[in-house]
Structure formats: structure tokens, C-alpha cells
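Notes for the one structure printed next.
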Amino acid sequence: TKLSVVDTDPIQFITLRFGIAFPLLYAFVMLRFRGRIRPTGEDGDVYGSGSVHGLSRMWINWRNGPLRSVWIRGAIVGLFLFAGFALQVLGLKYTTASRSGFFTGLLVVLTPPMAMLLRTSFTPRIAWLALFPAIGGIYLIADPETGGMNIGDWLTMGSALMFATQMVMLEALA
């Protein structure tokens, strides 16, 4: 990806990447699931939108109400995924691949607190404790004595936040 953004605009790269992936995935889904009845949950709700262990009542109500359509749910999850990729590729234009990889990896540490903030699942204490070494790693890799964080680093950390949110939305809406 780093080599690709040298020769092309990051948004053009993302557009091409998703432009190729969408029709292939759409064709696969249409062939794989053609003629099947819509899936239901154990309680008979369309797409299993009834009770879900650990999910807050707010999400269950949204899944049964305004977010009942699987297409709307998929679009929401997909928007966060796209935002993550777009920020990551834009960030790669201004930072190194190794720094981008580290900052993108922060999504693993950001996901549990994000899940707790958005009330989709409980966050164990160890996940909160993992934030401290992650922040220490950001400090060390940013090396304030040599200029600190650049715009690419911030964009890539934004991508990690979008990827973490995408994972939480997937948990809440799938």
C-alpha cells in the first residue's frame, strides 16, 4: 500500500480497491445465498435482532426499530471500515510503513474501551491496563526529540479508532 500511494492519490487507490472488491463480493453473495429464506433468530426475529447476551437494551431496540434492515446495518459497518482504510492510506502518504503498522495495531487496545463506551459489551480491567503500555509505545515511537508526531501518524491513529469502532458496530449490529 505504501508503494501504491507513491504513484497514485490515496483516495483513487481506495476507490479502485473497493471498486474491484464490491462487485466480486456482491456476485459471490448473490450466488451463494440465492433462493434462501431470510435468516431468523432463535426467537423468530428477522436477522436475530432479539435478545443478545451482553448487548445493551439500547442496541436491541435499535436493531428491532430503525436499524432493522440488514442493508442499513451493513452500510453503517461498511462506512466505518471505509473510513479506517481511507485514513490509513492517507496517513501512509505522510509516515513510514512501520509507524503506520504500529499505530494501526492500536485498534486491538482501543476496541474494548470503545465497546464499553458504546455499551455493547463489558471491558475487563486488563484491557484498561493495556492502554498504559500502548500510550508508552506511542510516546517512544513518536520520539518527541526528533520532531514527534506528524500528520500521517495522527491520520493512522484515526484509522485505528475507525477500525475499533467498526468492530464494535459489527458486534452491535450483526
Side-chain angles (χ1 to χ4, degrees), residues 1-6 10-11 13-14 17-18 21 25 41-42 47-64 66-67 70 72-174:
T1 302
K2 177 72 174 170
L3 294 174
S4 297
V5 296
V6 170
I11 298 302
F13 175 76
I14 291 287
R17 187 176 185 179
F18 279 84
L25 182 62
E42 293 173 14
Y47 306 115
S49 57
S51 63
V52 179
H53 179 70
L55 198 58
S56 79
R57 192 77 193 139
M58 174 191 76
W59 287 106
I60 294 170
N61 290 339
W62 281 17
R63 288 166 53 133
N64 288 329
L67 301 179
V70 73
I72 292 172
R73 293 184 200 182
I76 292 168
V77 172
L79 284 173
F80 283 107
L81 182 63
F82 176 79
F85 275 117
L87 288 171
Q88 184 181 42
V89 173
L90 283 169
L92 268 171
K93 194 158 181 92
Y94 304 105
T95 194
T96 65
S98 60
R99 287 169 74 110
S100 177
F102 174 80
F103 291 129
T104 302
L106 289 175
L107 78 96
V108 175
V109 179
L110 293 174
T111 302
M114 181 66 69
M116 187 168 179
L117 289 173
L118 294 176
R119 301 177 59 214
T120 61
S121 61
F122 173 74
T123 303
R125 287 187 187 134
I126 192 75
W128 289 104
L129 292 174
L131 286 173
F132 294 109
I135 292 168
I138 291 170
Y139 176 80
L140 292 174
I141 202 166
D143 195 9
E145 295 175 9
T146 61
M149 303 282 283
N150 62 46
I151 187 68
D153 297 338
W154 289 107
L155 288 168
T156 307
M157 283 200 301
S159 81
L161 185 63
M162 289 298 106
F163 286 136
T165 306
Q166 182 260 340
M167 292 179 72
V168 173
M169 288 293 104
L170 190 59
E171 176 186 32
L173 300 176

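When reading the values below, keep in mind they use all heavy atoms of this one structure, side chains included, and skip hydrogens, waters and symmetry mates. Along the sequence shown, the residues carry numbers beginning at 1.
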Legend entry - Distance (rounded to the nearest 0.5 Å) between Leu67 CG and Ile76 CD1: 4.5 Å
Legend entry - Those residues that, when tested against Trp128, pass side chain to side chain contact (heavy atoms under 4.5 Å, CB included) (two or more places apart): Pro113, Met116, Thr123, Leu131
Legend entry - With Trp154 via ring pair (Phe, Tyr, Trp, His ring centres under 6.0 Å) - residues at least two apart: none
Legend entry - Whether Trp59 side chain and Glu171 backbone form a donor-acceptor pair below 3.5 Å: no
Inset, instruction - Locate the shortest heavy-atom distance separating Arg63 from Arg73; write the atom from each residue and the value. - result: O-NH2, 3.1 Å
Legend entry - Neighbour count above 12 (heavy atom, 6.0 Å) for Met169 CE: yes
Could you pull out every donor-acceptor pair under 3.5 Å between side chains of residues 156-163 and any protein atom, sequence neighbours left out?
unit_1 : atom_1 : unit_2 : atom_2 : d
Thr156 : OG1    : Gly152 : O      : 2.7
Ser159 : OG     : Thr156 : O      : 2.6

Legend entry - For the student: nearest non-hydrogen atoms of Leu87 and Leu155, plus distance: CB-O, 3.5 Å
Inset, instruction - Apply side chain to side chain donor-acceptor pair (under 3.5 Å) to Thr95 and list each qualifying residue two or more places apart in sequence or on a separate chain. - result: Asp153
Inset, instruction - Take Leu107 and Gln166, measure what side chain to side chain contact (heavy atoms under 4.5 Å, CB included) needs, and give me the verdict at the end. - result: CA-CA 10 Å; Leu107 78 96; Gln166 182 260 340; over 6 Å; no
Inset, instruction - Using side chain to side chain contact (heavy atoms under 4.5 Å, CB included) as the criterion, list what pairs up with Leu117, not counting sequence neighbours. - result: none
Legend entry - Partners passing ring pair (Phe, Tyr, Trp, His ring centres under 6.0 Å) against Phe82 (at least two apart in sequence or in another chain): Phe18
Legend entry - Phe13: side chain to side chain contact (heavy atoms under 4.5 Å, CB included) partners, not counting sequence neighbours: Thr1, Ser4, Thr8, Arg17, Val89
Legend entry - Spacing of Leu90 atom CG and Ile14 atom CD1 [to the nearest 0.5 Å]: 8.0 Å
Inset, instruction - Sequence neighbours left out, what passes side chain to side chain contact (heavy atoms under 4.5 Å, CB included) with Leu79? Give chain and number order. - result: none
Legend entry - Spacing of Phe103 atom CZ and Thr96 atom OG1 [to the nearest 0.5 Å]: 8.5 Å
Inset, instruction - Scan for side-chain hydrogen bond (donor to acceptor under 3.5 Å, both in side chains) pairs involving residues 76-88, sequence neighbours excluded, and state none if there are none. - result: Gln88-Thr104
Inset, instruction - Report, as yes or no, whether the 6.0 Å neighbourhood of atom CG on Leu129 holds more than 12 heavy atoms from other residues, nucleotides or ligands. - result: yes
Inset, instruction - Look up atom OH in Tyr94 and atom CG in Asn150, then write down how far apart they are to the nearest 0.5 Å. - result: 10.5 Å
Legend entry - Nearest heavy atoms of Pro10 and Lys93, plus distance in Å: CG-CD, 3.6 Å
